[in-house]
Amino acid sequence: SLSRQTARSVSVDLNNDASLLIDIPDALCERDKVKFTVHTKTTLSCFQKLDFSVPRQHEDFIWLHDTLVETEDYAGLIIPPAPPKPDFESPREKMHKLGEGEATMTKEEYSKMKQELEAEYLAVFKKTVQVHEVFLQRLSSHPILSKDRNFQIFLEYDQDLSVRRKNAKETFGSFFKNMVKSADEVIISGIKEVDDFFEQEKTFLLDYSSKIKDSTAKAEKMTRSHKNVADDYIHISATLSSLSVDDNTKVEGRVASDEELKLTELLRYYMRDIQAAKDLLYRRARALADYENSNKALDKARLKSKDMAQAEEHQQQCLQKFDKLSESGKRELTSFKGRRVVAFRKNLIEMAELEIKHAKNNMALLQGCIELLKSN
Amino acid sequence: MAAEMEPPPLGNAGETDFRELEDGEDLFVSTVTTLEYPEPSSPEPASLPAEDISINSNGPKQKDVSFDDDPEDLFAEATEEVSLDSPEREPILSDGPSPAITPVTPTTMLTPRMDLGAADMFERSLDEIEEDNNGDTFDIHIAVSDPEKVGDGMNAYMGYKVTTKTSMTIFNKNETTVRRRFSDFLGLHSKLASKYLHIGYIVPPAPEKSIVGMTKVKVGKEDLSSAEFVEKRRSALERYLMRTVKHPVLLKDPDVIMFLESSELPRAVSTQALSGAGILRMVNKAADAVNKMTIKMNESDAWFEEKHQQFENLDLQLRKLHASVESLVCHRKELSVNTASFAKSAAMLGNSEDHTALSRALSQLAEVEEKIDRLHQDQAYADFYLFSELLGDYVRLITAVKSVFDQRMKTWSKWQDTQLLLQKKRESEAKLQFANKPDKLQQAKDEIKEVRSTLEGKVEQGEKDFELISKTIRKEVSRFEKERVKDFKAVIIKYLESLVQTQQQLIKYWEAFLPEAKAIA
């Protein structure tokens, strides 16, 4: 079992409402499965206990996310993006390769590489815990979503959720998901926008979405290159020690993993969040389309003098839904922007401070080496 | 190619008769009136044909075959170092004569530049020459610069300026500038190798040939890679010359001095890869390889065994390190590309961002990353020129060291073979004693006696040669080790200092960015 040591978050500090505090204090990694310990501390009466923990798997989180997405009442809300599946593929593959190449390395080199890989493994682990935790904290800090019954079940139910999960799957299926995914952009951009706010938001989100996707990809590439350089230093320093010179491998390696955590994770998270915002826009656009269709239907009914009451009622419903979505959507998107700006600020500051700290450390290390060499 | 193992025919006995060397007489005395280093076997002055003088810009020759020198002899020993990975990367030394690469007129050779009188030279051993600096401290700096393309098309070549600054008295002037081309360097190395390798001196290898690289230059491809190639080569040539002059014996070699000072240098034709000489070199190389495999030496000296092993290990380590550093250079270049690409993307993201302060911060981030990219590029440059090239040099140097060990083996082998031959002759001599052919007997007896005693001399010589080369190698190895440690230390310190500079720059950039990030409201 690996425990998290630092409480870092890509989003703002969400866990500050004492009435409902959630965190993931530790997690267990077995083969492919990660078991998260979800810990809740609450003063709310809807819960049976004040302080409790349950074990949850990644699939449980997905179930929760999907049920929220598929709840009509939440159509006007930005549903926090689902945490991505834990992916230990990369370090595992590297570990495997390392094992194969063991014979070609010195003991020292091998143990250093192993250390690096273990650190990488740990970093992946920390990331996944963090991302699952943030998901829950987003929910707990949302005025409406925190009251969701399924959310409460998720937090409290001390039995295995997999039974419920299976039922849910049968009810909703992946049909809705597919619907949302396809023709997303077309529908959003095709709607004649009456509201300036939404017009602006739409333009912004579409553009920003593609840019942030690009930045995320490039940031990932950059950090991977940095890792390669760090790995090279490991090999070099191992061989150099036999030629009696000091090494500075830890230095480059650590810079790579911290950079990764800050910048790339920030971008990745918001890439997904932007997608969630876009989903909201989509639902609203759909609602608008429905409203327009209901208008047309009403006109037709009036012409034919048939089923007018029904058509009227339907039209009213559509309008209500649309208005509700617009209203809540506006709120959501505004707070989303605020959240985003704050999160970027926090992470950029932390990243810059880390870079400075590491560069200073590196310098000290290197200067130490130089002194040593010169004095001999 | 004269045979090396057979004793010279009786007719020549006078000239290569080892009995000439009395005890106490220095082996290195040569009465040849050239300024070359004395040979281990000294032919009598009077009997030397004039052509020997002209040809011998080389020093000690193999003892057996002095007089078959042919000025046109193409059994030249220019190094053929085309690939770092080829298994037999040793300079080829023919076992035959060590003739000049190009005919050099006597007058040039005999210019009495050295403060030591010509006669003086002959009395001294190489040991003494090495130690005596005429009061000079080692102070010489060589720079290779200003690469300039000369000519056009496939006959074009790169000319380099070689500037020597020194206060040492063995040189004519305090500062000399000459122009040289790559084949001149190869020619120099070839001469030095043929003079010194077989007596145990570690001659620094010349930079590698590169058919691909040079062709690009010849064809006039003016791109980054050919500019890099020229710079790489220039730097390598400079390091080569500095290493050569750091060797106390090589420094004083007339060929070296001529190379540095003489305005005109006859062209070293047989250094071309595809010449007749080139082909013969290949053949010799193969022969050498076979020989090496068949010589089984009884190593009585543990020091050599140990050192041999050490150098094998060092070779492996260096090659590995070299590979890692090349990988580093490659990855760092990649990092630079990816950082630049990210910088652009971040700038676009900043443009797209509708929150003003955040937008500005993102643009700043993009700028920082751009600067960092340039830092990476500079660092890659340092990685390469400081580190990687040094390693390449040393991998080649180790090859030279190994070949010197091989020379010792050969020397031993020769000695043993001569001993065996002597044994046989003794046996035949003994047999003759009991033969019963009175008239022919005396003549046969006399003949055998002469041969036998010649051989005895040879065996003695062989042993002395072996001891000498062993002694030389010990000294050379310790000098090499000292140099190596010094070299590596200097380069690594420089490299670390470059890394420190990079870190300092990084601190500057991020410290400038921090307030921008904090300003996001």
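Sequence lines set the chain letters: A, B, ... in the order given, protein chains first and strands last, and positions in each chain run from 1.
Contact tally against chain B (heavy-atom pairs below 4.5 Å) for A/D207, A/T203, A/I356: the top residue is A/I356. Put simply, of B/A361, B/S345, B/A357, the one with the most heavy-atom pairs under 4.5 Å next to chain A is B/S345. Among B/A490, B/A343, B/S324, the residue with the largest count of heavy-atom pairs under 4.5 Å with chain A is B/S324. For the set A/K357, A/M363, A/E353, the count of heavy-atom pairs under 4.5 angstrom toward chain B peaks at A/M363. Taking A/R340, A/K337, A/R345, A/K211 one by one and counting their heavy-atom pairs under 4.5 Å with chain B, the maximum is reached by A/R345. Of the listed residues (B/C330, B/S327, B/S336), the greatest number of heavy-atom pairs within a distance under 4.5 Å of chain A belongs to B/S327.
Using a cutoff of 4.0 Å between basic side-chain nitrogens and carboxylate oxygens, B/R332 and A/D232 are not scored as salt-bridged. Under the 4.0 Å criterion applied to side-chain N and carboxylate O atoms, A/K374 and B/E497 are assigned as salt-bridge partners. Looking at B/E511 and A/K360, a side-chain N of the basic residue comes within less than 4.0 Å of a carboxylate O on the acidic one, giving a salt bridge.
For chain A, the nearby parts of B/Q504 are the backbone and the side chain; heavy atoms of each come within less than 4.5 Å. Proximity to chain A (any heavy atom under 4.5 Å) is shown, for B/I507, by both the backbone and the side chain. Proximity to chain A (any heavy atom under 4.5 Å) is shown, for B/E353, by both the backbone and the side chain.
Counting heavy atoms of neighbouring residues, nucleotides and ligands inside a 6.0 Å radius, atom CG of B/D139 exceeds 12 of them. Around the NZ atom of B/K494, the shell of radius 6.0 Å holds no more than 12 heavy atoms that belong to other residues, nucleotides or ligands. Within 6.0 Å of the NZ atom in B/K307, the count of heavy atoms belonging to other residues, nucleotides or ligands exceeds 12. The environment of CD in A/Q200 is sparse: at most 12 heavy-atom neighbours from other residues, nucleotides or ligands sit within 6.0 Å.
Using a 4.5 Å heavy-atom cutoff, the side chains of B/I520 and A/V341 are in contact. Using a 4.5 Å heavy-atom cutoff, the side chains of A/L366 and B/Y495 are not in contact. Looking only at side-chain heavy atoms (C-beta outward), A/M351 and B/L365 come within less than 4.5 Å of each other.
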Original post:
Taking it one step at a time, do A/R224 and B/E334 satisfy salt bridge (charged side-chain N to carboxylate O under 4.0 Å, His left out)?
Top reply: CA-CA 10 Å; A/R224 257 202 309 270; B/E334 235 175 62; over 6 Å; no
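Nearest heavy-atom pair across B/F342 and A/L267 is CE1-CD1, 3.9 Å.
Here CD of B/Q503 is found 10.0 Å from CG of A/L365. Values are rounded to the nearest 0.5 Å. Put simply, CZ on A/F344 and CG on B/L358 are 6.0 Å apart, with the number rounded to the nearest 0.5 Å. Between the OH atom in A/Y208 and the CE atom in B/M348 there is a gap of 12.5 Å [rounded to 0.5 Å]. For the atom pair CG (B/L349) and CG (A/D214), the distance works out to 9.0 Å, reported to the nearest 0.5 Å. Distance check, rounded to the nearest 0.5 Å: NZ of B/K344 to OG of A/S215 gives 12.5 Å. Atom-to-atom distance recorded for A/E355:CD and B/L514:CG is 11.5 Å, nearest 0.5 angstrom.
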